[in-house]
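Everything below concerns the one structure shown next.
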Amino acid sequence: MSLVEKVRGAHSADDGRVDPDRLVQRLEALGRFLRLVDPHLPDGDLVAAHTLIERAGNRLALSRDHTVVALAGSTGSGKSSLFNALARLKLSPVGVRRPTTGVAHACVWGPLEPANKLLDWVGVLPRHRFIRESALDGDDEAALRGLVLLDLPDFDSVERGHRLEVDRLLGLVDQIVWVVDPQKYGDRILHQAYLSQFRSHADVTVVVLNQADRLSTQDTELVLDDLKRLLVDDGLSAAPVLATSAKQPGMLAELRTTLETTVASKQAALRRVAGDVDAVSEPLMAMIGPPAAEDEVDRATVRQLTEALAASAGVGAAADAAAAGYRHRAAAATGWPLVRGLRKLRPDPLKRLHLDTAAETDAVSTDIVPRTSLPEADAAQKSAVGLSVRAVATRAAAPLPEVWTPALTNAARSRAADLPDALDRAVGKTQLGMDKTPLWWRAVGALQWLLITAAVVGLGWLLLGYVVRLLGLPELDNPQVGAVPLPTVLLLGGLFLGVVLWLALKPIVEWGSRRARKKAEQRLRQSITEVAREYVVAPVREVLNAYAQAREALTAVRTE
């Protein structure tokens, strides 16, 4: 059965009445609030709200036709006498006369069986349950049919178990009639420990000055006025204050009429729960402050975090390796062929740091990325990361109540242990833009080979002429380029132009290496930023999102 169905059938809201549908919405909003904040806020601050949700659900699921009213008071206030007088019977003299037994007794107007589940929940033992009406009453008690009147133990009993029982029952009943006597109506324990704690329940609270027959009419008025003054201090100025006496039936008429009105309205249970919601949600408001959007972590804070993580991950070293790798590969592709082979014998800086695997790794199909050989972060870099992570939490917590600061700090640090591996994987998976060979490298490489080929041809031609002369054979007719033979031009020109081209390309290669470094650094920082957002910012934003939704839910709870 849903909570709506539990209270469905009660009257709609009228003047001074509790709308059951609105009450259900408030309870559901409170439950939603608890689900949102449970993972983030201290359990001790939420116990009362959890207890209310469970208790309200149980009470509203039970009989709507019964109203549970408790007579509560101190030793000697005359609760038991008043209990008997209202019932117009002498019920269970052992249980309701002093010394008290420390357990509640119940008198039910109407059949007992329909009220048994409710009494089981309240915790009244079967042997302490009594039926008020009988066939002899006729309709004399009909106006109270549905009333379940409880006589509670004394709240100031020397027996601690009695006091605990009173406290338990006061949290379950629908309405409370506080019974005070002319001598102890101003008792500090009564007002500070009890009445002032029920300031949200004035509409289900009645205070009776019992044993008023011992006072003159004038003294009764004076005591009632003083009692009302004390109740104003307790926050219960709206609670009715009546004078009663168990010995004079006429002095019970006003209290009896009040109970009849309560029973007829069938609103006490709803009002009690509504008052509980008010009382429980009031301290929760201290946990909610101004609105806070999920993007409360601004770009400057994320940038600071990225800088710290980039330094910790060795982005600078990786970018330098990209620049060195560019120069290495460019020299291997465009350098003078006579020394190009020597360049290839040197290790590629990217391969040495295992930064060349990104092009070979399909990041979509596998998350297995070989670890890089970048140096581990030093103490200063780790400290900078810790400070930056804390700055994210501090920035996010700035507009929120202080109770959320630990939650945001824990969220920011929740994946700190995974950061080093995540950063290394991010660097290892980043495409540094070094996987493709530029076309101009190929063109220059071909030109270098063409020049070296020309030099080899010229050398071969000259050697051939030398052999011919050595053998005494007719000399070859060498073409001339100006005054210089063509073979010499090919040899010296090929060698000279190859070296000149190699030297001329050095500034261009250096410029390309700087560009490659900048590109690699940008891509690496983008990868690091994604790690920062996933491992630090995202958990913080989850808490901020929970806060925003909790704020909305608590606003619905507090809206009448």
Side-chain angles (χ1 to χ4, degrees), residues 25-50 52-53 277 280-310 312-313 382-423 426 525-559:
Q25 292 171 3
R26 296 181 69 195
L27 287 169
E28 290 176 342
L30 181 59
R32 187 165 63 253
F33 171 85
L34 291 175
R35 289 192 297 273
L36 289 165
V37 304
D38 268 338
H40 309 299
L41 299 186
D43 293 338
D45 295 340
L46 307 174
V47 171
H50 279 291
L52 170 60
I53 292 295
V277 172
V280 166
S281 61
E282 183 175 357
L284 298 180
M285 290 299 294
M287 302 178 182
I288 299 298
E294 288 184 60
D295 57 354
E296 192 64 42
V297 183
D298 54 24
R299 291 182 179 178
T301 307
V302 176
R303 192 180 307 116
Q304 176 187 348
L305 174 63
T306 301
E307 291 291 336
L309 292 177
S312 174
K382 291 178 180 178
S383 177
V385 170
L387 291 173
S388 299
V389 169
R390 191 179 309 159
V392 172
T394 301
R395 179 65 185 87
L400 273 60
E402 188 175 351
V403 70
W404 287 89
T405 300
L408 289 165
T409 301
N410 292 336
R413 297 174 176 174
S414 62
R415 305 188 69 182
D418 300 329
L419 270 177
D421 286 341
L423 292 172
R525 287 184 179 276
Q526 183 177 355
S527 298
I528 297 301
T529 300
E530 291 175 1
V531 172
R533 293 186 180 280
E534 179 182 355
Y535 283 77
V536 180
V537 178
V540 169
R541 284 183 173 168
E542 287 180 8
V543 177
L544 291 175
N545 182 52
Y547 169 84
Q549 294 184 51
R551 184 178 185 277
E552 181 181 349
L554 192 57
T555 300
V557 173
R558 297 292 292 176
T559 303

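What's counted below: heavy atoms across the whole structure, side chains too, no hydrogens, waters or symmetry copies. Start at 1 with the first residue, then count along the sequence.
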Minimum side-chain heavy-atom gap [X]-[Y] below 4.5 Å:
X      : Y      : value
Arg541 : Arg533 : yes
Tyr547 : Pro401 : yes
Thr405 : Leu400 : no
Leu408 : Leu544 : yes
Val537 : Thr301 : no
Leu284 : Met287 : yes

With sequence neighbours left out, what residues match Asp418 under side chain to side chain contact (heavy atoms under 4.5 Å, CB included)?
-> Arg415, Tyr535
Which atom pairs, one a donor and one an acceptor, fall under 3.5 Å between side chains of residues 33-42 and the rest of the protein, sequence neighbours left out?
residue	atom	partner	partner atom	Å
Asp38	OD1	His50	NE2	2.9
Asp38	OD2	His50	NE2	3.1

Pairwise distance [atom1]([X]) to [atom2]([Y]) - rounded to 0.5 angstrom:
X      : Y      : atom1 : atom2 : value
Glu530 : Gln526 : CD    : CD    : 5.5 Å
Ile53  : Glu28  : CD1   : CD    : 9.0 Å
Leu554 : Gln549 : CG    : CD    : 13.5 Å

For the student: nearest non-hydrogen atoms of [X] and [Y], plus distance:
X      : Y      : result
Ala532 : Thr306 : CB-OG1, 4.3 Å
Ala393 : Thr409 : CB-CA, 3.7 Å
Ser388 : Gln304 : OG-O, 3.7 Å
Ile528 : Ala310 : CG2-N, 3.8 Å
Pro399 : Ala396 : CD-O, 3.4 Å

Ala308 backbone acceptor or donor facing Ser312 side chain under 3.5 Å |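 It does not hold such a pair.
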Atom CD of Glu534 with >12 non-hydrogen neighbours under 6.0 angstrom |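 More than 12 within 6.0 Å, yes.
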CD (Glu552) with more than 12 external heavy atoms under 6.0 Å |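 Open.
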In plain terms, say whether Glu282 and Arg558 are close enough for a salt bridge, that is, a side-chain N and a carboxylate O under 4.0 Å apart.
-> no
Please name all residues satisfying salt bridge (charged side-chain N to carboxylate O under 4.0 Å, His left out) with Asp421, sequence neighbours left out, ordered by chain then number.
->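 Applying salt bridge (charged side-chain N to carboxylate O under 4.0 Å, His left out) to Asp421 gives Arg371.
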Pair Leu419-Val536, side-chain contact (heavy atoms from CB on, under 4.5 Å): steps then yes or no = CA-CA 9 Å; Leu419 270 177; Val536 180; 4.3 Å; yes
